[in-house]
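Read the structure below first, then the notes.
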Amino acid sequence: MTLTFPEQIVYERPRAMVDVHTHYCPGCTHGTGHRLISEVIDEMGLRERTIGVASVGCSVFAYQYIDVDFVEAAHGRAPAMATGIKRVLPDRIVFTYQGDGDLASIGMAEIVHAAARGEGITVIFLNNAIYGMTGGQMAPTTLPGQVTASSPQGRDVATTGRPIRMAELLAALDGPAYIVRRSLHDPANIRKAKKAVRTAFEVQARGLGFALVELLSTCPTNWGMDPAQACAWVAKEMVPVYPLGDFKVIEGIY
Amino acid sequence: MTLTFPEQIVYERPRAMVDVHTHYCPGCTHGTGHRLISEVIDEMGLRERTIGVASVGCSVFAYQYIDVDFVEAAHGRAPAMATGIKRVLPDRIVFTYQGDGDLASIGMAEIVHAAARGEGITVIFLNNAIYGMTGGQMAPTTLPGQVTASSPQGRDVATTGRPIRMAELLAALDGPAYIVRRSLHDPANIRKAKKAVRTAFEVQARGLGFALVELLSTCPTNWGMDPAQACAWVAKEMVPVYPLGDFKVIEGIY
Amino acid sequence: MQNEIIIAGFGGQGVLFAGQILAYAAMESGKHVTWFPSYGPEMRGGTANCTVIISDEEIGAPLVRNPTAILAMNLPSLSKFEPLLKPGGTLVVNTTLVDRPVERDDIEVVAIPATGLAETLGGKRLANMVMLGALLAKLPVLLPEALKAALENHLPERHRHLLDVNMEALEEGQAQCLAIHMPVP
Amino acid sequence: MQNEIIIAGFGGQGVLFAGQILAYAAMESGKHVTWFPSYGPEMRGGTANCTVIISDEEIGAPLVRNPTAILAMNLPSLSKFEPLLKPGGTLVVNTTLVDRPVERDDIEVVAIPATGLAETLGGKRLANMVMLGALLAKLPVLLPEALKAALENHLPERHRHLLDVNMEALEEGQAQCLAIHMPVP
Amino acid sequence: MPARGTIVVNELYCKGCALCVPVCPPGVIAIDTTRLTLKGYNPAVLVTEGCTGCAVCSVVCPDAAITVYRDVTPRREKSLQVSS
Amino acid sequence: MPARGTIVVNELYCKGCALCVPVCPPGVIAIDTTRLTLKGYNPAVLVTEGCTGCAVCSVVCPDAAITVYRDVTPRREKSLQVSS
Amino acid sequence: MPKELLKGNVAMAEAAVRAGVEAYFGYPITPQTELLEHMAARMPELGRTFLQAESEVAAINMVYGAACTGARVMTSSSSPGVSLMLEGISYIAGTELPFVLIDVMRGGPGLGNIAPAQGDYNQMVHGGGHGDYFPIVLAPAGVQEAIDLTVLAFDLAEKYRAVTVVLADGSIGQMMEPAELPPMRPLRSETPDWATDGAPDRERRKLTSIYLEPLDEEVANRRLVARRIAVEENEVRWRGFGLEDAEIVVVGFGTAGRVALSAVRAARAEGIPAGLLRPISLRPFPTQALKELSDRARTFLVVEMNSGQMLADVRLAVEGRVPVEFYGRMGGVVPYADEVLAEIHRLSRKGPISRAIRHLNEAEGD
Amino acid sequence: MPKELLKGNVAMAEAAVRAGVEAYFGYPITPQTELLEHMAARMPELGRTFLQAESEVAAINMVYGAACTGARVMTSSSSPGVSLMLEGISYIAGTELPFVLIDVMRGGPGLGNIAPAQGDYNQMVHGGGHGDYFPIVLAPAGVQEAIDLTVLAFDLAEKYRAVTVVLADGSIGQMMEPAELPPMRPLRSETPDWATDGAPDRERRKLTSIYLEPLDEEVANRRLVARRIAVEENEVRWRGFGLEDAEIVVVGFGTAGRVALSAVRAARAEGIPAGLLRPISLRPFPTQALKELSDRARTFLVVEMNSGQMLADVRLAVEGRVPVEFYGRMGGVVPYADEVLAEIHRLSRKGPISRAIRHLNEAEGD
Ligand SMILES: Cc1ncc(C[n+]2csc(CCOP(=O)(O)OP(=O)(O)O)c2C)c(N)n1
Ligand SMILES: Cc1ncc(C[n+]2csc(CCOP(=O)(O)OP(=O)(O)O)c2C)c(N)n1
Ligand code: SF4
Ligand code: SF4
Ligand code: SF4
Ligand code: SF4
């Protein structure tokens, strides 16, 4: 849009976001995740040297929404694909955008090894405690007792174990430089999340190593809630299981 | 052999070890690992209700040496295969025997998820810091600077990361009941290792959950050392990187 | 003798369920029947549709290019399917959500404010039954009783309390249809 | 004209290297040649062998059922390969490690205490060259010079200092062969 | 006197999720149930006076549908430079 | 008086790795370089008097090739029952 | 049992339950997911094993383990997920264990889409995994057949100790039709004599796919080939329509076969002597039946939802005696009956080369 | 360059280096490992990328990423490892990216053994992965050819934006022969116009294998089919021996082809009119050449180190004009020339059915 007094704009849609209506459900915080990344790409001026790696999940179409070169990985393999790109183009900014089924279930080996190698990539990990794309089955991150399409009686920890806390797990490795967890359920947390996303890109730009930001996210559709309820559920149910905070921050990042 | 005074025997080859010459190189502590498991199976009287899962590595023929029902898994997938067995035969004792390439490299997803689910299996994990079977390539457990067939200049942590310490990594999960590291390089440590292996089988027999014993092991052949040097190298080089000890022991095991 | 019916609308309008009720009714009337949905994430937020084929003999293709009847519950559905309807076929339009006239003149049109009527009966969600009722009035592929029986037997437990209003919606659809539909000259 | 030579012994006896030297010599003498090893873990601890085929024309199969010559550096190798040797073929046996006589009488046998001789020359590991020397003396498939040149050019750097003793071992093998080998009546 | 501002909701993006409604401090945003966007959603709209241009709605909007304008005060201008 | 014992090395299993040699407290085990086993290894053997039957060699033997005998003392017997 | 209106995925799942499946391991993927979800609800309530694996790789290896114990076990997936299972499938085949895989095919290659397709024909029928092994492959064309073949799959898998695949396209999984489920079978009472179930009082058992000595591996391979031959002799299944006097024989499986049925009916209604052979068993393939038809028919038309994979098997049966033409749609496109009818018209007029092939050449430009 | 005595695995690795490969990602597996090890030494010293991946799954997806940037990239593995790569291969094919895979085949199925075998023919030639895609497959029969085909593989991969496979059996990887390496090529200087390399001053690019709309996916599928047709027209390669007057045509690839050469030579020495056709490109397959021969020859004998996989492609070419017999060894057994010669003798006498088939039936018992 053309503006007569541009200096009056307090907030405007990031340039790095493509001007299209997304396929995400109303209120799905995947959109928020995309927005934060786009804002950071704008602020850091990375648009022309960034390569995004979309994963298989509801965010499969991330490549349609963020205005940088993009590839679409196989389910769970985004970190391996990003490794392939970063190794041949070390001066580019390479990030993956992955859901919890993608990263914590089928993609466990690839994320652990990318982190252990200290691969110089940025991973934005959206944890919504469920498989959204396929219609709401249990993820490794699903909460105890949570009813999903593949845990109709509620997740039974006796047979399926407790939720996997990826940030804590990866922080147990020597490789990573920056591992934190934030949430997208309210303005204050979204602002913190934005800072973390920016740091995660700066870590890469400064060549400090592997950076991952876990973002607690909503899936109103498969949780069977309206968007506001979903945000409240994140605060009430998810945050206690997935404490927000910094799990690994090497010297020199802050 | 027939013994006139059986009561005089202080030590004899465990009954659970098949009477064959193994294919292992002279002094390779894979043999020691097999022996400890066999002793425990004898002592606990498990021979007739145990199912072993051999993995792909030099121990691929474990099924020929330990006298229980045995299956041979695909490379890295032993924990998944063991899960399949244990789920349909919950009252049997199911254990896997895996090398570090098998468990820590290609098998990362399967071991992490089996541990996270708290799968009621016992995992004996031999860490010899190299791929033995295929002729001495780098493993995720290879020490910094260690020369291998695929790290001819010595492992470069800048491009391949630091060694993955599996016991510490898995201990970061909520699922496992018992995660310890021991070593096979001298009599005192072998005795401790034996106790740990026994505990790991007891944890399963008592239905307490997932148990894993990481055993530091030698590969004289691919390390280019004689067996005694190899044991010394474990003590001098490996133990500092892979500290021995208990990393997770839930209530009620000891 | 084979009838091919496409029911299309927004995700929330119960088009898949309407198709299933039709299919149950056909089955219980001893006919061959197939129900084929649009599926997967492309449905998310967007539009949904299903194809119900009712026949006296074994059914071959589960999808047809030119159906014999279409229930268009919103504008996008009308735009997408009107051109495909077989000449002489039946088009039921939910005029509440469709603000333009039908374009073709080689088909039978039933224009009915289904959503509007549904609201008077107890809620938008009943529009699908109103449309079904209207269809049967125009195209007697099945006996209304069969549809009612299907509703009776297959309305999910959690909606049991809505059985009566669903029945009324069906009847209202039929009644209105005979009254209001405008055959093309 | 094609010669097929199998060299077999314990892992540590340098049978693969002996085969490679033979192959280099053949290549540098302008012949077609293939070197095919036994490989993989089954070698571990156990025995190793390789097949070297030297020919004047393009070589087909890289493995043969009945070779024209065999170098048996230990007992298991003799037992395994003696029966396979082509009638009239050449069998070189390392008598130091083989305590039984050769069984077949339709072949040419060179019995030589290669390991023993090697020790006198500077170490067991030279037995492979002694065997090679003996083979060439009996079966002049290549010129001894070619073999020496091959050693010269392809002995790994870290063994360079052993070049001379390797040469001697070759010569010793040749010399002994003419002296000691026992043609079958 | 309180800062004055306004918002523009782009109906190409807005899905009427209503996340912006409760977070608005002066409570001047509401969902317009009388209209459907081209995509079939009831859009958010500024319903009364009082927008301070605090931009909190834009922070929660998953679809980056909101543009926020406000009278520039020196303080804000400084912080603007910081963040862009 | 020190306990007396002896070992038998099964040459079907022994690979002459020599791990048992240095760990033997009285140092009575050695590798016999004059003989090859059927598998082609120089086996370990008990070379002199003095084996106490402490069984430490059997603890390190990767091939479970060693059987250890010793005069039974009550103490040892007790601990035996414990571990079996 | 009375007929019910059942969705293909649910019907196959419940059929497996009634056939006595003891353990299910799987991973969600569209358009197969309802199958897994039905198992998630049913298996625990019956005290049987359901586990959502961390991946298809893990799922197939869990199946491998469970199969070693002699249990009736299965998994299900769709195209990309099945690709991830191929190493495990090869291992299970090499270990000569029975199990059932249901592949509900979607558009490919790669991530492709979730629409119905038949692009996994070669992958399943001709062994996508490494080495020589021969799964039995059954292709349903409707919900009732999907039920019947699922039950049959378990019996054949155990009879031949063979990997058995129910190869359905997405439309079979997603559509609803009236169908009758079989009665609930009792669970298997005894354990096969090869199972590694850690049982007392017998010689220990080993199950593995490794034979380090090639001659031993060859013996194992021969057992597999021998079973393949036995399967080819005993288990061929197909359905025909109007073949008695057919001059134009249309061949298609699964949904493509249904579409072809509509087209053939329409053609006959116009007096064109067309007929349909719909292979039900893809391996073993109805080679003999096609051979015999090729002595009578004037021409063959193969219809597939892929670029022409079964086509090769038809041509191997016909061996050039009569022309074999092809009409295929790819990438998740389900052909309409009128497209196939147009091909039949063309052939009945001995027209120009197939439209399908024409498209393909047109595409050469881009 | 002068000839050197080179091991096949090392020769292929160095050939790739000289052909300008910029990145190698792989995972150790016998009998391919020396290839990876050579890359581990060479690539870093040249400032290029070598990374030992955590698995074959990771390796192929690293290749996928690197290929997206337009870099010359490759991986190598052996049978079970290749099975794990199939999902990734299908993705790369669906994204229309070039890359080179070297598969040094071993005995299977399952873990099998590490001996030379040809059991991955169907997996590689007929698309082991899901969906319709068509790798170019080249099969060397010696070290020199392994070098030449490795270099060619990169050129063809880029020319057709196709997955290109060098399909070698274990013996090719393990044997040493005198061979000449090509000169070192300069590295690629410009980037293809489809590459996602994050470059400034141009429209952003997307590379993906997803086409949610079936009609779009079908267009992509047609591009793949069109390339397949172009490849079939331009890239067929094979070698013949004594075909001019051959009544018995032996067909074999790779090591089986070499063994057959010895047998055919011996047969001709005995005055038997035998000839050899050794396919070098398995896809595209030398169908035309075989078709023409089938008009002259009396009978065909296919020799493979598997249960008869290429056999089907030969039969499709011959279309029943003359008998096609088969002799195969499986599980890592390399046939000796005398076995093939015996088959030729039998055929020259028009003897009973093939010994190979005979074994198979014998085996039926067990
Ligand atoms: C190999 C493979 N397996 C399974 C699938 C099906 N699949 C697509 S997305 C998905 C899970 C997505 O969940 P998540 O990663 O949590 O992302 P979300 O949709 O919740 O954002 C699955 C299982 C697939 N596409 N490929
Ligand atoms: C899918 C697959 N990839 C690779 C291999 C080759 N391979 C066999 S064993 C092995 C590594 C073994 O190393 P480790 O697990 O450390 O056991 P070790 O031999 O050292 O005891 C590899 C890579 C294989 N058999 N299968
Ligand atoms: S299904 Fe869930 S995760 Fe996916 S777009 Fe909708 S709300 Fe977001
Ligand atoms: S190679 Fe290493 S690990 Fe393998 S048997 Fe020999 S010493 Fe042991
Ligand atoms: S948050 Fe954004 S999308 Fe949601 S209602 Fe407000 S403006 Fe619309
Ligand atoms: S430790 Fe065992 S194998 Fe090694 S030398 Fe002693 S007895 Fe022999």
Side-chain angles (χ1 to χ4, degrees), chain G residues 79-80 82-84 86-87 90-91 93-95 107-113 115 117 119-120 122-123 126-133 208-215 217-218 220-223 225-226 229-230 306-307 312 315-316 319-321 329-333 359-361 363-364 366, chain H residues 79-80 82-84 86-87 90-91 93-95 107-113 115 119-120 122-123 126-133 208-215 217-223 225-226 229-230 306-307 312 315-316 319-321 329-333 359-361 363-364 366:
Chain G
S79 312
V82 171
S83 286
L84 286 171
L86 289 170
E87 186 205 24
S90 177
Y91 268 73
T95 311
L111 188 47
N113 59 41
D120 302 358
N122 280 344
Q123 180 181 44
H126 294 300
H130 61 284
D132 292 278
Y133 68 96
T208 155
S209 67
I210 184 174
Y211 296 91
L212 202 54
E213 172 47 53
L215 288 169
E217 180 69 71
E218 188 174 48
N221 272 265
R222 292 224 195 104
R223 284 197 299 272
V225 171
I229 292 169
N306 61 38
S307 71
R315 289 188 50 219
L316 281 169
E319 282 190 310
R321 279 179 290 276
R329 297 304 302 267
M330 301 177 286
V333 178
H359 298 308
L360 302 183
N361 299 340
E364 244 180 296
D366 41 326
Chain H
S79 311
V82 171
S83 286
L84 286 171
L86 288 170
E87 186 205 23
S90 176
Y91 268 73
T95 311
L111 188 47
N113 59 41
D120 302 358
N122 279 346
Q123 180 182 43
H126 294 300
H130 59 285
D132 292 278
Y133 67 97
T208 153
S209 67
I210 184 174
Y211 296 92
L212 203 52
E213 173 46 56
L215 288 169
E217 180 69 72
E218 188 175 48
V219 170
N221 272 264
R222 293 224 193 104
R223 283 197 300 272
V225 172
I229 293 168
N306 61 38
S307 72
R315 289 187 49 216
L316 282 169
E319 282 191 309
R321 281 179 288 277
R329 297 307 300 268
M330 301 177 285
V333 179
H359 301 305
L360 301 183
N361 297 341
E364 245 183 291
D366 41 327

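All chains are named by letter (A, B, ...) in the order of the sequence lines, taking the proteins before the strands, and each is independently numbered beginning at 1.
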- Using non-hydrogen atoms and a 4.5 Å limit, figure out which bit of G/V82 sits close to chain H: side chain, backbone, both or neither. neither
- Which atoms of G/A117 approach chain H - backbone, side chain, both or neither, heavy atom under 4.5 Å: neither
Contact summary for [X] and [Y], nearest pair of heavy atoms:
{"X": "H/P109", "Y": "G/N221", "answer": "CD-OD1, 3.9 Å"}
{"X": "G/Y91", "Y": "H/L111", "answer": "OH-CD1, 3.3 Å"}
{"X": "H/Q123", "Y": "G/H130", "answer": "NE2-N, 3.5 Å"}
{"X": "H/R315", "Y": "G/L316", "answer": "NH2-O, 3.4 Å"}
{"X": "H/N113", "Y": "G/L212", "answer": "CB-O, 3.6 Å"}

- Counting distance only, does the side-chain N/O of H/D132 pair as donor-acceptor with the main-chain N or O of G/G119 below 3.5 Å? no
- Would you say G/E87's side chain and H/S83's backbone share a donor-acceptor pair under 3.5 angstrom? no
- Message: For chain G, which candidate among H/G94, H/G332, H/A220, H/G112 shows the most heavy-atom pairs at distances under 4.5 Å?
- Response: H/G112
- Note on the structure: Ranking H/G110, H/G127, H/G108 by heavy-atom pairs under 4.5 Å to chain G gives rank one to H/G110
- Query: Are the charged groups of G/E319 and H/R321 less than 4.0 angstrom apart, N to O?
  - Reply: no
- Note on the structure: Under 4.5 Å to a heavy atom of chain G? For H/A115 that would be side chain
- Message: Only pairs of heavy atoms separated by less than 4.5 Å count here; which of G/L86, G/L215, G/T208 has the most with chain H?
- Response: G/L86
- Among the options G/G129, G/G320, G/P80, G/S79, pick out the one with the most heavy-atom pairs lying under 4.5 Å from chain H. G/P80
- Note on the structure: Interatomic distance, CE@H/M330 vs CZ@G/R222, rounded to 0.5 Å, equals 5.5 Å
